[in-house]
Every structure is written in structure tokens, then in C-alpha cells.
Amino acid sequence: MSRALVLFSGGQDSTACLAWALARYSHVETVGFDYGQRHMVEMECRLTVRQEMKNQFPEWSSRLGDDHVLDLSLLAQLSDCALTAEKEIAFASNGLPNTFVPGRNLLFLTYAAALAYRRDITVLIGGMCETDYSGYPDCRDNTMQALQLALNLGMDQHFRIETPLMWLDKAATWRLAGEVGGQKLIALTQEHTHTCYLGDRSIRYDWGYGCGTCPACELRARGYQEFTASIEASHD
Ligand code: ZN
């Protein structure tokens with residue numbers, strides 16, 4: 001169980017997962033999915049984050065293996081959503097944002113498992129989270145457990161899907177980054193990860209770059225405020 005594959009988008013959550021994996025596994029590869037995102041900024045950020053991790057954490061450098069990018073542009077054919085079409089982000093009556101691609105994580109993990117099979121990797125790590133999940137049913141722990149069973153039956157393997165953020169809120173994800181990589185990793189997250197739905201990196205807030213108003217920026221900003229408030233409270 002020493003080789004792991006991290007689903008890595010270059011965002012705050014998957015960056016925390018990558019650091020978490022590098023602290024635990026002797027060999028860690030990353031996989032990203034190109035599915036016609038409106039903003040290629042995400043794909044650029046993930047390479048920068050990987051490089052900064054190597055530069056700033058020499059102890060992780062030899063553990064960080066290959067990066068893979070899989071072309072899932074067919075997802076654009078399946079979705080009518082703000083990530084792939086020039087549309088405003090909106091929320092449907094069921095509470096799901098129109099950025100939601102139905103079952104996206106099921107597809108991502110299935111492709112990741114097929115890749116892991118070829119790379120002799122049995123641990124799949126993703127940033128799925130039930131706490132802040134915006135109603136995404138493919139982020140639920142039950143969904144992950146069912147998918148792990150299906151993948152193991154369907155590929156006759158012993159994959160383990162690990163989701164270190166499953167029960168954390170956004171403040172706790174900042175805290176996790178601090179526990180795994182200290183202030184250095186928090187600073188790296190602020191400076192180089194990308195979360196904004198609109199692909200905006202023109203303004204630098206204390207929590208990082210973004211438009212500051214889309215749901216992803218709001219969630220990240222609120223989490224950071226709660227995180228810094230909890231640090232100040234612990235110093236009082
Ligand atoms: Zn934004």
C-alpha cells in the first residue's frame with residue numbers, strides 16, 4: 001500500500017489531499033481531467049502547485065511521481081453547465097449549482113482506477129467532501145464506498161478510495177494543510193491553488209486569488225475567515 005494516485009485539479013482541496021498523500025505514501029502520482037473547462041487556468045495551476053511542492057518540500061520531491069492528464073472533453077457533450085458553456089452560475093430548485101455534471105466523480109474515479117491498474121497503484125485519493133458538498137450526491141461517503149466495491153469487482157482488484165476531506169469543513173481543510181505542511185503549505189495554497197469558478201486570478205485576497213463573489217470563492221473565503229478566527233481564539 002505504498003503507491004497512491006491523487007485526483008488533482010490544482011484547487012485547494014486536492015492540494016491538501018496531495019500533501020496528505022505525500023506525507024503517507026512513498027510514491028504518489030497525480031491525475032487531472034481536461035473536460036473542456038472554460039478556464040485553462042486550472043490546468044496551469046496544477047503544474048505550478050506540483051512544482052512548488054517539489055521546490056519547497058525536498059522530503060516530498062522524490063515521492064512525487066508522474067502527472068497524468070486525461071482528456072474527458074466528452075463531458076461537455078453531457079452537461080449544460082457554467083463550467084463548460086458561457087453561462088451564469090445559477091442554482092436549480094434542488095439546490096444543485098448548474099456547474100454540476102451528473103455523476104462526474106463516478107466517471108473521474110473510474111478513469112483513475114483504470115489508470116491506477118496500469119500503474120500498479122491500489123490507493124485512489126480524492127477531495128470529495130460531504131460537509132461542504134453543495135448537494136453533490138457523487139461526493140457522499142456512501143457513494144464512494146459503493147464505487148470502491150464496484151471497481152474492485154469490475155477490475156478484480158483491491159483498490160481503496162481514500163477521502164481525507166470527507167468530514168472536514170473548509171476551515172478544517174486549511175487546518176489540515178497546516179498540520180501536514182505547516183505555514184509553508186498554507187502560503188503555497190494561498191498563492192498557487194485555484195478554486196474560482198470564473199477562472200479569475202486578477203485579485204489577491206488573504207485566502208488566495210479569485211473573483212471573490214462566485215460560490216467557490218465565497219466558500220473558500222468563509223472557510224479561511226473561520227480558520228484564522230479559530231487560530232486567534234486559541235491564542236487568547
Ligand atoms: Zn470566484
Engineer: Taking L47 as the starting point, is it possible to reach V41 by hopping between hydrophobic residues whose side chains are less than 4.5 Å apart?
Structural biologist: no
Engineer: Is there a side-chain contact between L109 and Y111, using heavy atoms and a 4.5 Å cut-off?
Structural biologist: no
Engineer: How long is the span from the NZ atom in K184 to the CD atom in Q56, to the nearest 0.5 Å?
Structural biologist: 6.5 Å
Engineer: Taking all non-hydrogen atoms of both residues into account, name the closest pair between A112 and L124 and its distance.
Structural biologist: O-CD2, 4.0 Å
Engineer: Does a donor on one side chain sit under 3.5 Å from an acceptor on the other, for D169 and T131?
Structural biologist: no
Engineer: Taking the side chain as C-beta and beyond, is there a heavy-atom pair between E191 and R204 under 4.5 Å?
Structural biologist: yes
Engineer: Transitively linked via ILVMFWY side-chain contacts under 4.5 Å: L22 with L188?
Structural biologist: yes
Engineer: Side-chain contact test, heavy atoms from C-beta onward, threshold under 4.5 Å: evaluate it for V69 versus V31 and give yes or no.
Structural biologist: no
Engineer: Look at the rings of W174 and Y224 and say which category their plane angle falls in: under 30° parallel, 30 to 60° tilted, over 60° perpendicular.
Structural biologist: perpendicular
Engineer: Does E44 pair with R46 as a salt bridge, N-O distance under 4.0 Å?
Structural biologist: no
Engineer: Side chain to side chain contact (heavy atoms under 4.5 Å, CB included) between T122 and R3: does it pass, once the steps are laid out?
Structural biologist: CA-CA 7 Å; T122 52; R3 291 167 65 85; over 6 Å; no
Engineer: Would you call the rings of F57 and W60 parallel, tilted or perpendicular, taking 30° and 60° as the class edges?
Structural biologist: parallel
Engineer: Nearest 0.5 Å, please: how far is OG1 in T48 from CZ in R50?
Structural biologist: 11.5 Å
Engineer: Kindly give the heavy-atom pair with the smallest separation between T143 and P137, and that separation in Å.
Structural biologist: OG1-O, 2.8 Å
Engineer: If only atom types and distance count, is the side chain of T163 paired as donor or acceptor with the main-chain N or O of C129 below 3.5 Å?
Structural biologist: no
Engineer: Does one side chain, of R201 or H194, offer a donor that lies under 3.5 Å from an acceptor on the other?
Structural biologist: yes
Engineer: Can you hop from I231 to Y205 via hydrophobic side chains spaced under 4.5 Å?
Structural biologist: yes
Engineer: Nearest 0.5 Å, please: how far is CG in L18 from CG in L64?
Structural biologist: 6.0 Å
Engineer: Spell out, yes or no, whether L165 and V49 are grouped together once hydrophobic residues are joined by side-chain heavy atoms under 4.5 Å, including indirect joins.
Structural biologist: yes
Engineer: To the nearest 0.5 Å, tell me how far R24 CZ sits from S2 OG.
Structural biologist: 14.5 Å
Engineer: Starting at CD of E218, measure out to SG of C211 and round the result to the nearest 0.5 Å.
Structural biologist: 8.0 Å
Engineer: Decide yes or no for H68 and T30: does some side-chain heavy atom of the first lie under 4.5 Å from some side-chain heavy atom of the second?
Structural biologist: no
Engineer: Looking at side-chain heavy atoms only, is the closest gap between T173 and F227 below 4.5 Å?
Structural biologist: no
Engineer: Within the distance-only criterion (no hydrogens, no angle test), does the side chain of D34 pair as donor or acceptor with the backbone N or O of L70 below 3.5 angstrom?
Structural biologist: no
Engineer: Would you say the side-chain atoms of Q190 pair up with the backbone N or O of D206, donor to acceptor, closer than 3.5 Å?
Structural biologist: yes
Engineer: If you count the non-hydrogen atoms of other residues, nucleotides and ligands that lie under 6.0 Å from CG in N55, is the total more than 12?
Structural biologist: yes
Engineer: Considering non-hydrogen atoms only, spot the tightest contact between T189 and R220 and give its length.
Structural biologist: O-NH2, 3.1 Å
Engineer: Locate the shortest heavy-atom distance separating M128 from L7; write the atom from each residue and the value.
Structural biologist: CE-CD2, 4.1 Å
Engineer: Closest heavy-atom contact between C217 and G212?
Structural biologist: SG-N, 3.4 Å
Engineer: Could you check C139 against M166 for side chain to side chain contact (heavy atoms under 4.5 Å, CB included), going step by step and ending with a plain yes or no?
Structural biologist: CA-CA 8 Å; C139 290; M166 183 58 74; 5.9 Å; no
Engineer: Donor-acceptor pairs are to be reported for all side-chain atoms of residues 8-15 against protein atoms at under 3.5 Å, with residues two or more places apart or in another chain.
Structural biologist:
{"from": "S9", "atom 1": "OG", "to": "G11", "atom 2": "N", "distance (Å)": "3.2"}
{"from": "S9", "atom 1": "OG", "to": "S14", "atom 2": "OG", "distance (Å)": "3.2"}
{"from": "D13", "atom 1": "OD1", "to": "K170", "atom 2": "NZ", "distance (Å)": "2.9"}
{"from": "D13", "atom 1": "OD2", "to": "K170", "atom 2": "NZ", "distance (Å)": "2.6"}
{"from": "S14", "atom 1": "OG", "to": "S9", "atom 2": "N", "distance (Å)": "3.0"}
{"from": "S14", "atom 1": "OG", "to": "G10", "atom 2": "N", "distance (Å)": "3.4"}
{"from": "T15", "atom 1": "OG1", "to": "G11", "atom 2": "O", "distance (Å)": "2.7"}

Engineer: Can you see which heavy atom on A23 is nearest to which on V180, and at what distance?
Structural biologist: CB-CG1, 4.1 Å
Engineer: Please table the atom pairs, donor to acceptor, closer than 3.5 Å between any side-chain atom in residues 144-152 and protein atoms at least two apart or in another chain.
Structural biologist:
{"from": "Q145", "atom 1": "NE2", "to": "D141", "atom 2": "OD2", "distance (Å)": "2.9"}
{"from": "Q148", "atom 1": "OE1", "to": "I161", "atom 2": "N", "distance (Å)": "2.8"}
{"from": "N152", "atom 1": "OD1", "to": "F159", "atom 2": "N", "distance (Å)": "2.5"}
{"from": "N152", "atom 1": "ND2", "to": "Q148", "atom 2": "O", "distance (Å)": "3.3"}
{"from": "N152", "atom 1": "ND2", "to": "F159", "atom 2": "O", "distance (Å)": "3.0"}

Engineer: Going through the distances and angles, do I121 and L115 end up as a side chain to side chain contact (heavy atoms under 4.5 Å, CB included)?
Structural biologist: CA-CA 8 Å; I121 292 172; L115 174 65; over 6 Å; no
Engineer: With side chains defined as the heavy atoms from C-beta onward, is the minimum distance between R119 and L5 less than 4.5 Å?
Structural biologist: no
Engineer: Start with the C-alpha gap between R160 and E162, add the side-chain angles, then the distance that decides, and say whether side chain to side chain contact (heavy atoms under 4.5 Å, CB included) holds.
Structural biologist: CA-CA 6 Å; R160 204 171 69 222; E162 296 194 343; 2.3 Å; yes
Engineer: By side-chain contact (heavy atoms from CB on, under 4.5 Å), which residues pair with A4, not counting sequence neighbours?
Structural biologist: Y25, V123, I125
Engineer: How long is the straight-line distance from SG of C45 back to CE of M40, given to the nearest 0.5 Å?
Structural biologist: 11.0 Å
Engineer: If you define the side chain from C-beta out and look only at heavy atoms, does anything of L185 sit under 4.5 Å from M53?
Structural biologist: yes
Engineer: Look at the side-chain heavy atoms of Ile, Leu, Val, Met, Phe, Trp and Tyr, link any pair under 4.5 Å apart, and say whether M155 and L106 land in one connected group.
Structural biologist: yes
Engineer: Tell me, do Y197 and P215 make a side-chain contact under 4.5 Å, heavy atoms counted?
Structural biologist: yes
